[in-house]
Amino acid sequence: MPYCRNYFRMRIIASNCCRSAAWGGASYQHRIRPLVSRQRYEHQVAWYNISQKVPISDWANWGIGLDMTEQLVAQKELEHMATHDELTGLPNRALLRDRLSYALTAAQRNNRRGALLLLDLDHFKMVNDSHGHPVGDQLLREVSLRLGGCVKSTDTLARLGGDEFVVLLERIERVEEAALVAERLLNALVNKPFFLFGNEIRVRTSIGITVFPDDDVRLDELMKNVDLALYAAKQDGRNRYHFYSRVMHNKLRWQHRVAEKLRSALEVDSFSLQYQPQVRLQDRAVVGVEALLRWNAFDEVPLSPAEFIPIAENMGLMPSLGKWVVKSACRQAALWQTRFPNLPVAINLSSVQLYQPNLVECLLEVMQEQGANPENIELEITESAVMRNMDSAIATMRRLREKGFNISLDDFGTGYSSLSYLKRFPVGKLKIDQSFVQGLETDPVDAAIVRAVINLGHSLDMKVLAEGVETQGQLQRLGDEGCDYIQGFYYSRPLEAESLEAYMQRNGLH
Ligand code: C2E
Ligand code: MG
Ligand code: MG
């Protein structure tokens, strides 16, 4: 009991107005009968500060007590507030740490296991942004109720803040039990939408799991592990759980390092662009260039954008980094506009940029600022980015087309888009993913896919470009199949702007 030992729990045996009470041990029942009605006070409990205590026998005392109930209730409320989350009433971070610390000690002492599950709601920010904070708050309350229904009374469900919840399973017999709980939590949220203030809201969640004492016995390390496991669950595509593991630890630690570097790299402007020529097969003319992002992250081998762009996306850095790319590429396109009038610059848009609500306005603003013309810009959007939300992507692509931008579908063949959708894409060019081109000479399946994509593109009135062409043999096959353009090391690697100009001059294209 948290109170000081001068306070004794007892039944009220005197009326409130005199604010004092007789206090007794086993014999108090005899004393109250003449004083107060039994029915009124029998089940009430109050707190009294005992000022006098007189023994009346070996086994019982009596005394005078001052009613402290209100003060102590207020104190208890304060304690509750310090250890519980105001919005949901769940235990907060402080209480969770307390219980986790206890569970860790108990697990080690008794040679048993426990698990920590960290979950956060996928894209909760969008709920707040689109429906407002009262709906967001109510959603968190209802989510906490549903989650609470998935755990036993001996487990702890806590809210860390924002949309982050933790489940502490103090004791599990097998690791699979943690996975079962995670599945229950996922299903509780996913299977039924929430109806709040007339809005139907569907919620998904990702869950990280760490098991103790196996993964670690230090509280802070466990909290870090579970955070990494959650990050891995999100990277795997969200709405799933992921167990912490040592291999994952090393990989994600590295990603964290990259992420830290990325943040500061944006401040000191340590990125650059290279440009790779795109060549028309028919007459070998350079018909455009693709701007590719470069970053010397660790002063060693440059890190591929295919590796660091997903990390930038996850960290929310892509809007700034993407804007930097658009600005730099447009500045270059404006410089080249008079020198190489028919040399559109292709810019890769990440999926985060594609679904940015003000993308079109942002692009137009940069164009104007840099003096570039949308007709001189091609936007490369990957097939997989379009697949995330086809209707919204198609609407954005249409608006971009209306403003004069050219659009190509990058890495085509890897995103499984359906033909019925493809015909609705306002796209002028399909770029066959290099994985198919590389198998063109050796793998009949790849050869068949390349042929099918070329025919498909042409039948939808689109041009087709093959990426990653490295050999004369591939070039030959692509020519035979009627491919329009190629891009690859066979003609040129990506080049600095100045080297690209020299390349154009060498090839008589200025
Ligand atoms: P991508 O848009 O499909 O770009 C083509 C990639 O293939 C580039 O890799 C290019 O260097 C590489 N490549 C070109 N020809 C050949 C070849 O013959 N053989 C081989 N093996 N590779 C070839 P890079 O520059 O490492 O970029 C990788 C991916 O990163 C890009 O694929 C694109 O998805 C993304 N990326 C690059 N720059 C940006 C950017 O500025 N913004 C965004 N959002 N993504 C970018
Ligand atoms: Mg590209
Ligand atoms: Mg590509």
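Each ligand, and each atom within it, is numbered from 1 in the order the structure gives. Everything numeric in this text was worked out from a predicted model, so none of it was measured.
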### Task
Just to the nearest 10 degrees, tell me the angle at the Mg ion (ligand 2) spanned by Glu290 OE2 and Asn348 OD1.
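About 90° at the Mg ion (ligand 2).
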Going by distance only, is there an N or O of [X] that falls short of 3.5 Å from an N or O of ligand 1?
X      : answer
Leu349 : no
Asp411 : yes
Ile309 : no
Gln434 : yes
Asn348 : yes

### Query
How about Arg141 and Gln138: does a side-chain donor come under 3.5 Å of a side-chain acceptor?
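Side chains of Arg141 and Gln138: pair found under 3.5 Å.
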### Message
Going by a strict under-4.0 Å cutoff (protein heavy atoms only), does atom 34 (O) of ligand 1 have a neighbour on the protein?
### Response
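Flag for atom 34 (O) of ligand 1 set to false, no protein heavy atom closer than 4.0 Å.
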Does ligand 1 have an atom under 4.0 Å from some heavy atom of [X]?
X      : result
Arg294 : yes
Glu290 : yes
Gln438 : yes

### Task
Taking Asp85 for its side chain and Asn92 for its backbone only, find out whether a donor-acceptor pair lies under 3.5 Å.
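It does not hold such a pair.
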### Query
Hey, which atoms in ligand 1 end up nearer than 4.0 Å to a heavy atom of Ser350?
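Numbered from 1, ligand 1 contributes 44 (N).
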### Message
Counting only heavy atoms from other residues, nucleotides and ligands, does the tally under 6.0 Å from CD of Gln368 exceed 12?
### Response
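No, the 6.0 Å shell around CD holds no more than 12 heavy atoms from other groups.
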### Distance below 2.8 Å from the Mg ion (ligand 3): protein N/O/S atoms
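Per the 2.8 Å query on the Mg ion (ligand 3), atoms found are Asp410 OD1, Asp411 OD1, Glu467 OE1, Glu467 OE2.
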### Query
Is Lys224 salt-bridged to Glu221, going by a charged N under 4.0 Å from an acidic O?
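Looking at Glu221 together with Lys224, the answer is yes, because their closest N to O distance falls below 4.0 Å.
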